[in-house]
Protein chains: 2
Amino acid sequence: MEELKKRVQKNSFRNKITSPEKAADFIKDGMTVATSGFTPAGYPKEVPLALAKKAEKKPLKINLLTGASVGEELDGALSKACAINKRIPYQTNDHLREAINCGEVKFVDMHLSHMPQMVRYGSLGKIDIALVELVAIKDDGRLVISTSVGNTPTFLREAEKIILEVNSSQPLQLEGIHDIYIPEDPPNRQPIPLVDVSDRIGTPYIEVDEERVVAVVFSDKKDVNREFAPPDEVSEQIAKNLISFLKKEVKEGRIPDELLPFQSGVGSIANAILKGLAGLGMKGLKFYSEVIQDSVLDLLEEGILGFASGTSLTLSPAKLDYFNENYPRFKEKIILRPQEISNNPELIRRLGVIAMNTAIEVDIYGNVNSTHILGRRMMNGIGGSGDFSRNAYLSIFTTPSVRKGGKISCIVPRASHIDHTEHDVQVIVTEQGVADLRGASPQEKAEIIINNCAHPNCREDLEEYFSRCKKEGFGHTPCIGS
Amino acid sequence: MEELKKRVQKNSFRNKITSPEKAADFIKDGMTVATSGFTPAGYPKEVPLALAKKAEKKPLKINLLTGASVGEELDGALSKACAINKRIPYQTNDHLREAINCGEVKFVDMHLSHMPQMVRYGSLGKIDIALVELVAIKDDGRLVISTSVGNTPTFLREAEKIILEVNSSQPLQLEGIHDIYIPEDPPNRQPIPLVDVSDRIGTPYIEVDEERVVAVVFSDKKDVNREFAPPDEVSEQIAKNLISFLKKEVKEGRIPDELLPFQSGVGSIANAILKGLAGLGMKGLKFYSEVIQDSVLDLLEEGILGFASGTSLTLSPAKLDYFNENYPRFKEKIILRPQEISNNPELIRRLGVIAMNTAIEVDIYGNVNSTHILGRRMMNGIGGSGDFSRNAYLSIFTTPSVRKGGKISCIVPRASHIDHTEHDVQVIVTEQGVADLRGASPQEKAEIIINNCAHPNCREDLEEYFSRCKKEGFGHTPCIGS
């Protein structure tokens, strides 16, 4: 009760406190529910679990909109209960993935920066319920959201009804870390006034019309984050190749001496690259990305990073505790922003972000598949990779040259699905080497990619394919079979 | 001589006046030459012709960088003389296209907004010569460029040497129409201070270090622009469908009542759509695009457009005369900007541009091929279509449902080349109808596209393919053969 008072400071909100089950009753079959949560952080847990139980008894399907991926309690429980009709814009949950790939769930794979404005434009339909995890409700009713911002500000503004989950496992110290800014919509939009990764342009709180809040629920469930395996040899070699390349670029004057802000995807290669940034031999680097993960905290502590801007704080349980205990050291070095700002083309291009994303496969002409296995099966989604790579100062994609113990080449004749076209892919890095594609024609790209990035065991086949293309597939981009 | 004095007002520049042949001598084998010109307007003519003659006698190859497509005197003459090694970033010349497709010329197909910053970043190598068409040189040495801006400001800043072609066929009245603004490069870039299509943010002139100017050449050759055939029935029906769709969007509140700025590609469908804008029944619409063509002038005169911002004034000879005679009526309604500004993601997203581009083919999942015939042969290039469609308020692609008298379907099972992915294509319009893909999953998209956009003669085959995909090609995006 003391905790409750501390967390829900305004009386009128206390009057709305109810059980997850009763809150879930507001969610009806066919509704569109938009939740907090980005790359398993800050997503609601109790109401989705209660909703899933309901759906198991009496069939019910909702359209589920989030920031990005959310945890098992939401994507897992609801997809297992067959309670999701449509899912937008990104996911990483094993069960949901199967449901998407067998056609049970309709998945809309979108650029993450596009999502909130499309909601406001009305292009994704009406939002019935916003379901949002909070750290606290202030005595004047302002909301302190939790470990991610994602699309929460827009969802709270646009939804007809609001359900709030106040989570006591999330540190109160998060108050102040958020910077909430929603751009005006055209024709009234103004320049976004951010010129440095550390700029604050909004407010740390979100205000809502109280009458739309229909339920406040209490939760103490922690974010469940995936842990990354320590980098393997291949990931470490990719990181080494990438860092050497960046050093050369600085040396030759194509990147400013003070370097530029980095963006990095999430995963074991990304993790290895982040650790590898130490190899640049510089201090005070800037990070303008989506996810602030364990290794980013390490880099901030070591001074290699001077500042980190993201939209989610996705820490392992141990690291979240460490973050809490050492909060004053981090407070001035981290900002969490809406994904519309973290991933904004205007800002990414202005700041000159160096974008580092991973590919599933890359073809010899530099087209990247980020989403589909064999062109058919959805893996996770494009996420923010398009927002960053299209607008980056330098757009880098990483991949091992082979997967499955060498049985599958990640450098392929033709990508089985294309998320990033030849126009958006400047540099490819594998453990074999670096392909710098800037200013290269398709046929030059093919030679550079095969020579520098393909696994030696696959080079001959790729060269043979490319030779046949040139003989049989006359044209600017020679290819066979279309 | 009087004309010369009027056009070249500063004495020190007059001292540099020479013949096209002597100016061309500055251009050596292996050099990178960057010229003015955008969608055959404002490109240099005399020096390229002289250079082509030289190359016919003694082999010579240059790398040729421009704004976009340029005229026969440049792309045509030089490619016929086998004088182009590499060509960046866009072209529409018949002979050059053949040279690209037979592998004689290396072509780099880039987003037009990316090009100038990549030049400044050093990613495309050093520029030896900037070759720029002018209207006049002012008495203080400031340059008045001609019918296009394109990449000229950056080329003039970055080139080691400069050759100027003062063209007496280009109207002196163009002085003042340009608005030159080069953004600072990261980490010093600031918000681009443009919030309305009519805002002026730069200067009408370009200043250069005089010592880099090695030659001034006189020309009286007119821009040679392609004329568009009057819209055929299919183009007119596409335009009608598109305008009906826009009206519905306004009516249902997804587009603001006052509408938003339009961008349009170039070609006969685009021309029909521009004419079709009258059908919206509104006055004072805004145009934020690349090319200001004949029909844009008509719309300005009729008051349907209130303002037009572009990077080139691509008028037929008769219309250019008309423009000159009636200049005061147009002066306050047209601005020509660098393509880095006309095509800027920051500005396109801020202004909420409605982007209307044409496709070569569209697949059932909404991927668009804008560049390659049969996946191999380059047509023109991606141009600005990616800059606009990715960042638009609404991203619309148009295509006839069939070509070649019905022999080829433009709605295909799989695009033979992909320039715009499913993530960037929101609406497809053919003469058959409109496919609104916003918020649709791939399988929903396939049904909408086949039903609404495919030609009735092709629907059954496409449906059969899609059915087979669903049966045999298990996954989120069912497909066969990968």
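So that the names make sense, note that chain A is the first sequence line, chain B the second, and so on, each numbered from 1. Computed from a predicted structure; not experimentally measured.
- Summarising the geometry of B:D419 relative to A:T421, their closest heavy-atom pair is O-CG2, 3.5 Å, with the distance given to 0.1 Å.
- Across every non-hydrogen atom of A:G386 and B:R390, the tightest pair is O-NH1, 3.0 Å.
- Using a 4.0 Å cut-off between charged nitrogen and carboxylate oxygen, B:E444 and A:K86 count as a salt-bridge pair.
- Distance check: B:R376 CZ to A:C469 SG gives 9.5 Å after rounding to the nearest 0.5 Å.
- With respect to the salt-bridge test (charged N to carboxylate O, under 4.0 angstrom), the residues B:R349 and A:E346 do not qualify.
- Contacts between B:D436 and chain A at a heavy-atom distance below 4.5 Å are absent for every atom of the residue.
- For chain A, the nearby part of B:N344 is the side chain; its heavy atoms alone come within less than 4.5 Å.
- Of all non-hydrogen atoms in B:R377 and A:F474, the two that sit nearest each other are NH1-CE2, 2.9 Å.
- Interface summary for chain B: among A:K106, A:H423, A:R438, A:R189, the most heavy-atom pairs under 4.5 angstrom belong to A:H423.
- Taking B:K470, B:R254, B:E184 one by one and counting their heavy-atom pairs under 4.5 Å with chain A, the maximum is reached by B:R254.
- A distance of 12.5 Å separates OG1 in B:T477 from CG in A:L374, rounded to the nearest 0.5 Å.
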Practice task
Assess whether side-chain contact (heavy atoms from CB on, under 4.5 Å) is satisfied between A:D424 and B:H111, documenting all intermediate values.
Solution key: CA-CA 8 Å; A:D424 294 329; B:H111 297 298; 2.7 Å; yes
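- Most heavy-atom pairs under 4.5 Å with chain A: of the set B:Q117, B:R120, B:M118, this distinction falls to B:Q117.
- When the candidates A:M110, A:K445, A:H417 are compared by the number of heavy-atom contacts under 4.5 Å with chain B, A:H417 comes out ahead.
- Interface summary for chain B: among A:F107, A:Y121, A:Y365, the most heavy-atom pairs under 4.5 angstrom belong to A:Y121.
- Shown here for B:P187 and A:E258, the closest heavy-atom pair between the two residues is CG-OE2, 3.1 Å.
- If you tally non-hydrogen atom pairs under 4.5 Å between each of B:P478, B:G439, B:G352 and chain A, the highest count goes to B:G439.
- Put simply, of B:Q443, B:E252, B:E422, the one with the most heavy-atom pairs under 4.5 Å next to chain A is B:E422.
- Only the backbone of B:I192 has a heavy atom closer than 4.5 Å to any heavy atom of chain A.
- Counting heavy atoms from C-beta outward, B:P191 and A:V195 have side chains that approach closer than 4.5 Å.
- Comparing A:L124, A:T371, A:I100 by how many heavy-atom pairs each has under 4.5 Å with chain B, the most go to A:I100.
- Nearest heavy-atom pair, B:Y393 versus A:P186, reported as atom, atom and distance to 0.1 Å: CD1-CG, 4.0 Å.
- In terms of heavy-atom pairs under 4.5 angstrom with chain A, the leader among B:G122, B:S123, B:A415 is B:S123.
- Inter-residue side-chain proximity for B:N367 and A:I418 is flagged as unmet; no heavy-atom pair is nearer than 4.5 Å.
- A donor-acceptor pair under 3.5 Å is absent between the side-chain atoms of A:H476 and the main chain of B:H372, judged by distance alone.
- Heavy-atom pairs under 4.5 Å with chain B peak, among A:Q426, A:R350, A:Q190, A:M378, at A:R350.
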